[in-house]
Amino acid sequence: MSTVALRSLVKRYGNVNAVDDITLDVAEGQLVALLGPSGCGKTTTLRMIGGFVEASAGSILIGGTDVTRLPPARRNIGFGFQSYALFPHMSVAQNVAFGLEMRRLPRAEIAQRVNQALDRVRLRAMADRLPKHLSGGQQQRVSLARALVIEPSLLLLDEPLSNLDAQLRGEMKLEIRQIQKAMGITTIFVTHDQDEALSIADRIVVMRSGRIEQDGTPESVFAAPRSRFVAEFMGVTNLLPGTFEASGCFRLTNGAAIRISDQAGAPERESVLAIRPERIRIARAGATPGPDDLPAEIEAATYRGLTVEYRLRTGSGLHLTARQPTPATGGPTMLEPGACIHIGVPTDACLLIPA
Ligand SMILES: Nc1ncnc2c1ncn2[C@@H]1O[C@H](COP(=O)(O)OP(=O)(O)OP(=O)(O)O)[C@@H](O)[C@H]1O
Ligand SMILES: [Mg+2]
């Protein structure tokens, strides 16, 4: 199995740096998710590691060997493309068998491994079909089977589950993780879906405009985003600019204050207060509000099945989002727009991010 090291990797298209100085070390057997919005350079990074795109500068080491100038076939990599890139004139089974035939394995072993790979992606029944007779999600799974079947020392997957329905995506996600762990395959997995990254990666690398914005365990990136960009990407919808004061209050730019700490922290520093919508406490009309609670009104309620999302406006004019469980998950009855409430923010729910 392999380590991967990227050293000041750059890809320029004209005067655009699609990948702009990426340095990254992936340990043996690790599953790293490259996470970021459309156009941030995820595919370009992956294709440079695979050898399908030439680096403009920097170097790529696989298992300690510099492969920057080697062709893809000499890198022993399994690659699942974002566009499936299946051979159109070959059946599903032939597509999956291709890499094994190139390696000249015995016929019986090829058949057995192809069947096993097709079972894993739930496509055994479609072994004899041509790609054009498959749905997008089925083609995507063939692509995945083809990448896994060669048991590569390094697996590169570019949004391998993007066209699958939620249930199949969940199953395939677990399947990939299980195979990857059992065989100890070093894997780089590209996605723009934070849930997917959080649930299968050992480590998440958040990218923005060709650069690494944050790199850490799923827990650390989720709980302690280091920038506004990462916080938004991790589902924090309440990001309030202001200043942390010595009194332990956060003074918002509109003059309102939120108590965030009982001890004086770093005072008078401009920052952004980040509050997850799930952490905003709602005291309904009739309930006794806490001493620091703020009066607010429900502006809109969006039912989401397990949760309901409320758009709120506080008395001082601040807009916030709160999320609560619905009756289906043991929560209270839903509030209607116009309802007057109080909201509280537990001090430990407040995260200060540098402005
Ligand atoms: N062959 C090319 N020629 C010119 N520009 C390119 C080329 N390939 C990619 N780019 C540009 O490089 C940037 C990064 O593209 P890339 O495909 O790596 O993004 P991505 O993070 O994979 O996005 P997505 O999530 O949409 O797949 C984009 O701005 C894109 O327009
Ligand atoms: Mg892409």
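Whatever order the structure lists ligands and atoms in, that order sets their numbers, starting from 1.
Side-chain atoms of Asp20 never come within 3.5 Å of backbone atoms of Arg211 as a donor-acceptor pair (strictly under, hydrogens ignored). In this structure a side-chain-to-backbone donor-acceptor pair under 3.5 Å is missing from Asp215 to Val205.
Where the criterion is an N or O separation shorter than 3.5 Å, residue side chain and backbone included, Thr44 meets it with respect to ligand 1. In terms of polar-atom proximity, Gly39 is counted as a contact of ligand 1, with an N or O under 3.5 Å from an N or O of the ligand.
Sorted by first and then second residue, the salt bridge (Lys or Arg N to Asp or Glu O under 4.0 Å) pairs with a member in residues 128-137 form an empty list; sequence neighbours excluded.
Coordination check, Ser38 versus the Mg ion (ligand 2): failed, since every N/O/S atom of the residue sits at 2.8 Å or beyond.
In this structure, Glu159 is part of the shell of residues with a heavy atom less than 4.0 angstrom from ligand 1.
Using a 4.0 Å cut-off to heavy atoms of Thr43, the atoms of ligand 1 that qualify are 17 (O), 18 (O), 20 (P), 22 (O), 27 (O). For ligand 1 and Cys40, the ligand atoms under 4.0 Å from any heavy atom of the residue are 19 (O), 21 (O).
The shortest distance between side-chain heavy atoms of Arg304 and Arg323 falls below 4.5 Å.
Considering Gly14, Ser209, Gly210, Gly41 only, the shortest heavy-atom separation from atom 19 (O) of ligand 1 involves Gly41.
No cation-pi contact links Arg208 to Phe233, judged by a cut-off of 6.0 Å to the six-membered ring centre and 45° from its axis.
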Side-chain donor-acceptor pairs under 3.5 Å in residues 101-112, sequence neighbours left out?
unit_1, atom_1, unit_2, atom_2, d
Arg103, NH1, Gly99, O, 3.1
Arg103, NH2, Asn76, OD1, 3.1
Glu109, OE2, Arg113, NH1, 2.9

